[in-house]
Amino acid sequence: MVQSPAIEVVDLVKVYGGGVHPVPVLRGVSFALQPGERVALLGKSGSGKSTLLNLLGGLDRPTSGKISVAGQELSALDPHQQAAYRLSTVGMIFQSYNLIGSRTALENVELPMIFAGRPAGERRETARLALESVGLAHRIEHRPNQLSGGEHQRVAIARALVNRPTVLLADEPTGNLDSSTAQEILALLSVHLERHGTTLVMVTHDEDLATRAATRIVRMQDGLVVG
């Protein structure tokens with residue numbers, strides 16, 4: 001039996017602005033990823049990598065073209081379905097971590113489960129186990145200003161994975177980390193991906209990182225897939 005793609009992108013176009021000076025960012029991108037693939041989107045700044053990641057995450061809409069993730073065509077989803085998609089189908093990890101400073105590590109990891117309507121007791125225990133799995137059992141009550149950069153990213157990983165997404169999207173996930181900490185973060189991700197069969201799409205401009213972390217590299221240049 002032929003396996004359906006985890007992600008399918010067809011003739012994707014994204015243009016910002018209008019009038020006489022539109023800015024084309026994606027200019028007809030097409031590719032398909034199989035379940036469990038680890039894919040690095042590799043290219044220089046301005047190549048369209050982060051825009052593509054935001055479209056896959058349902059954070060923005062394409063100007064034209066089609067995106068299907070885990071059998072869902074994103075353009076066909078209503079606002080309620082889009083919210084459910086972002087909660088359960090995809091998890092996102094950002095270079096800047098995006099943790100809420102007033103909340104503890106445990107509370108930051110609980111947030112996706114609050115939006116998903118999971119009971120308080122279940123949320124707390126699941127968040128605790130998620131933090132334990134990334135080596136932060138001893139830091140669950142610490143706030144972001146009490147954590148190192150590597151610990152910030154570990155919390156962000158736990159938060160992104162806590163609802164067991166089908167697809168994990170990572171935008172320069174080790175960009176703010178030293179090389180030793182970056183290796184630890186990649187090892188953590190690798191363990192989870194292998195255990196749960198999660199598909200990874202990671203944006204980077206680092207050729208070495210792409211080679212080490214991905215099973216496949218999609219090269220982008222000037223809004224196009226070039227290899």
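The shown structure was predicted, so the numbers you read here are calculated from the model rather than taken from an experiment. Below, all heavy atoms of this structure are taken into account, side chains as well, without hydrogens, waters or symmetry copies.
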Point to revise | Qualifying side chain to side chain donor-acceptor pair (under 3.5 Å) pairs with a residue from residues 214-227, counting only residues at least two apart or across chains | key: E37-R216, E207-R219
How far does [atom1] of [X] sit from [atom2] of [Y], to the nearest 0.5 angstrom?
{"X": "I7", "Y": "S68", "atom1": "CD1", "atom2": "OG", "value": "10.5 Å"}
{"X": "I157", "Y": "Y97", "atom1": "CD1", "atom2": "OH", "value": "10.0 Å"}
{"X": "H152", "Y": "L147", "atom1": "NE2", "atom2": "CG", "value": "5.5 Å"}

Check your understanding: Is R124 atom CZ crowded by more than 12 heavy atoms from other residues, nucleotides or ligands, each under 6.0 Å away?
Key -> no
Review point. If every non-hydrogen atom of V155 is compared with every non-hydrogen atom of N108, which pair is closest and at what distance?
Key: CG1-CB, 4.2 Å
Check your understanding: Does anything in residues 12-27 pair up under salt bridge (Lys or Arg N to Asp or Glu O under 4.0 Å), and if so which pairs, sequence neighbours excluded?
Key -> K14-D60
Point to revise | Pairs flagged by salt bridge (Lys or Arg N to Asp or Glu O under 4.0 Å) wherever residues 86-107 is involved - sequence neighbours left out | key: none
Point to revise | side-chain hydrogen bond (donor to acceptor under 3.5 Å, both in side chains) between D171 and Q95, intermediate numbers included | key: CA-CA 6 Å; D171 194 354; Q95 180 179 353; over 6 Å; no
[Y] and [X], any side-chain heavy atoms less than 4.5 Å apart:
{"X": "Q153", "Y": "I93", "answer": "yes"}
{"X": "L168", "Y": "L161", "answer": "yes"}
{"X": "P22", "Y": "V15", "answer": "yes"}
{"X": "K66", "Y": "S75", "answer": "no"}
{"X": "V39", "Y": "L200", "answer": "no"}
{"X": "I100", "Y": "L111", "answer": "yes"}
{"X": "M220", "Y": "L52", "answer": "yes"}

Donor-acceptor pair, side chain of [X] and main chain of [Y], under 3.5 angstrom:
{"X": "T181", "Y": "L177", "value": "no"}
{"X": "R123", "Y": "R118", "value": "yes"}
{"X": "N54", "Y": "L59", "value": "no"}
{"X": "D11", "Y": "G65", "value": "no"}
{"X": "R154", "Y": "V134", "value": "yes"}
{"X": "N163", "Y": "L87", "value": "yes"}

Review point. Would you say V69 and L26 are hydrophobically clustered, going by side-chain heavy atoms of ILVMFWY under 4.5 Å?
Key: yes
Check your understanding: Is it true that L224 and L12 fall in one hydrophobic cluster, defined by side-chain heavy atoms closer than 4.5 Å?
Key -> no
Name the atoms and distances for all side-chain donor-acceptor pairs under 3.5 Å in residues 41-49, with sequence neighbours left out.
residue: S47; atom: OG; partner: K44; partner atom: O; Å: 2.9
residue: K49; atom: NZ; partner: G43; partner atom: O; Å: 2.9
residue: K49; atom: NZ; partner: K44; partner atom: O; Å: 3.2

Check your understanding: Excluding sequence neighbours, so at least two apart, what forms salt bridge (charged side-chain N to carboxylate O under 4.0 Å, His left out) with E172?
Key -> none
Can I get a per-line list of side-chain donor-acceptor pairs under 3.5 Å for residues 188-199, giving both atom names and the distance, sequence neighbours left out?
residue: S190; atom: OG; partner: R38; partner atom: NH1; Å: 3.2
residue: E194; atom: OE2; partner: R38; partner atom: NH2; Å: 2.9
residue: T199; atom: OG1; partner: G36; partner atom: N; Å: 2.9

Exercise for review: Compute whether any side-chain donor of one residue and acceptor of the other, for S96 and N98, lie under 3.5 angstrom apart.
Suggested key: yes
Point to revise | Any donor-acceptor N or O pair under 3.5 Å, side chains R212, Q183 | key: yes
Practice item. Can you spot which of H138, Q146, R139 makes a side chain to side chain donor-acceptor pair (under 3.5 Å) with H142? Key: R139
Review point. So, are R159 and E110 salt-bridged, with charged N and O less than 4.0 Å apart?
Key: no
